[in-house]
Amino acid sequence: MLTLKKIRTLKPRVQLRKVGSLLYQESLAPCLDEEYLDGLAQVVRQSPVVEDDDKPALMRMIARYVATRDALVAKDVYYLVLRLLGEEPADWDVVGEDGRLDPSSRIVRHHSLFLDRVRSPYNIGAVFRSAESFCVDHVYLRQGCGDLDSPRCMRTSRGTVDLVPHSVVDDLSVLEDRTVFALELGGVPLEDFDFPDDGICVLGGEEDGVSPDVLALCSSRVSIEQFGAKGSINVSVAAGILLHAWAMHSSKS
């Protein structure tokens, strides 16, 4: 368990998230003494993240838990903290002592992504979530992609932008000396595609797809069969489908 001194060294949002997670753990297995809980209340009182109007309610909840040791009250604190942070419950996340996602829990393979002018920060964040789940070792973002620091990207990525190594590139040299393939129409069906154990998959932008200069460097194409009237699916959805298939292929090889 983190000491109060250590919690105070964390960034403000991480501090508040840690207060919430500690109270959630407390609702499952009580172990915090009154002095420690009072210290958490002080963290809340001094937090620049929490609006002054919201602090009294949060501190009253913590005080109520100290007085009653009611597990449901501890959970109330957790869910209120999430609301104040603008986040949603993700109890299944594996986190370290600093409240961040734990990178040591990841299985990583030599599977990389190259985002070719994917414009939407929402889509980029969603791609990172799938990349984190399905073994991706690096995400390359070509100049012209949406802003990684956008609140929409950070909110959608749910912390995975901080977990998956990535870089913004302004040339195509990263595509040299590795097997490169594109997720594009007119390719080998996903279920028949021979995925490389070490390679880079290119995802094209929402409007224009994969750029001709990038497509020229791809040794093959893979396509996802569709069964609806719409001619395409969202790039982040397509990325999740492909990355799962690639991860499963490598786990069996």
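Only this structure's heavy atoms are used, side chains among them; waters, hydrogens and symmetry mates stay out. Position 1 is the first residue of the sequence; numbering continues from there.
The salt bridge (charged side-chain N to carboxylate O under 4.0 Å, His left out) pairs that include a residue from residues 20-33 are Glu26-Arg69, where partners are two or more places apart or lie in different chains. Applying the side-chain hydrogen bond (donor to acceptor under 3.5 Å, both in side chains) test to every pair with at least one member in residues 40-53, sequence neighbours left out, gives these pairs: Gln42-Arg45.
Side-chain contact of Thr156 with Arg129: a donor-acceptor pair under 3.5 Å is absent, judged by distance alone.
Counting heavy atoms from C-beta on, the side chains of Tyr65 and Leu37 come closer than 4.5 Å. Residues Leu243 and Leu113 have side chains in contact (heavy-atom distance under 4.5 Å, counting atoms from C-beta outward). Under the 4.5 Å side-chain criterion, counting only non-hydrogen atoms from C-beta, Leu22 is in contact with Ile7. In this structure, Val108 and Val136 have side chains that are not in contact, with every pair of non-hydrogen atoms separated by 4.5 Å or more. Put simply, the side chain of Ser223 does not reach to within 4.5 Å of the side chain of Leu183, judged on heavy atoms. No side-chain heavy atom of Leu23 sits under 4.5 Å from any side-chain heavy atom of Val81. With contacts defined as side-chain heavy-atom distances shorter than 4.5 Å, the pair His166/Val161 qualifies.
Among residues two or more places apart in sequence or in another chain, the salt bridge (charged side-chain N to carboxylate O under 4.0 Å, His left out) test is passed with Arg13 by Glu87. Judged as a side-chain hydrogen bond (donor to acceptor under 3.5 Å, both in side chains), and not counting sequence neighbours, the contacts of Asp198 are Arg178. Residues passing the side-chain hydrogen bond (donor to acceptor under 3.5 Å, both in side chains) test with His138, sequence neighbours excluded: Ser167. In this structure His110 satisfies the ring-ring contact (aromatic ring centres under 6.0 Å, His included) test with no other residue, sequence neighbours excluded.
Looking only at distances, no side-chain donor or acceptor of Ser250 sits under 3.5 Å from a matching main-chain atom of Ala247. Judged purely by atom type and a 3.5 angstrom limit, Asp116 uses its side chain to pair as donor or acceptor with the backbone of Ser211. With Ser120 contributing its side chain and Asn123 its backbone, the two residues share a donor-acceptor pair below 3.5 Å. Not one N or O on the side chain of Ser112 forms a donor-acceptor pair closer than 3.5 Å with the backbone of Asp137. For the pair Glu184 (side chain) and Val210 (backbone), a donor-acceptor distance under 3.5 Å is present. Looking only at distances, a side-chain donor or acceptor of Ser251 sits under 3.5 Å from a matching main-chain atom of Met248. Put simply, the side chain of Gln15 gets close to the backbone of Arg8: a donor and an acceptor are under 3.5 Å apart.
Shown here for Gly199 and Pro196, the closest heavy-atom pair between the two residues is CA-CG, 4.1 Å. The heavy-atom pair separating Val174 from Ile200 by the smallest distance is O-CD1, 3.4 Å. Heavy-atom minimum distance, Lys75 versus Ser27: CG-OG, 3.4 Å. Between Ala238 and Ile224, the shortest heavy-atom distance links the atoms O-CD1, 3.6 Å. What you find for Val127 and Ser236 is that their closest heavy atoms are CG2-CA, 3.9 Å. Listed here is the closest heavy atom pair of Met154 and Leu148: SD-O, 3.3 Å.
Atom OH of Tyr122 sits in a sparse spot, with 12 or fewer heavy atoms from other residues, nucleotides or ligands closer than 6.0 Å. Counting heavy-atom neighbours within 6.0 Å of Asp192 CG, excluding the residue itself, gives a total above 12.
For an aromatic pair to be called close, the ring centres must be under 6.0 Å apart, and Phe195 with His111 fails this.
Under the 4.5 Å side-chain contact rule for hydrophobic residues, Leu16 and Leu2 share a cluster.
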Chi angles and distances behind the side chain to side chain contact (heavy atoms under 4.5 Å, CB included) call for Val169, Leu141: CA-CA 6 Å; Val169 298; Leu141 300 99; over 6 Å; no

Audit row: Tyr140, Leu115, side chain to side chain contact (heavy atoms under 4.5 Å, CB included) steps and yes/no: CA-CA 6 Å; Tyr140 299 98; Leu115 306 189; over 6 Å; no

Check against salt bridge (Lys or Arg N to Asp or Glu O under 4.0 Å), Arg119 and Asp208: CA-CA 11 Å; Arg119 310 289 189 182; Asp208 302 315; 5.0 Å; no

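For the atom pair CD (Glu191) and CD (Glu225), the distance works out to 6.0 Å, reported to the nearest 0.5 Å.
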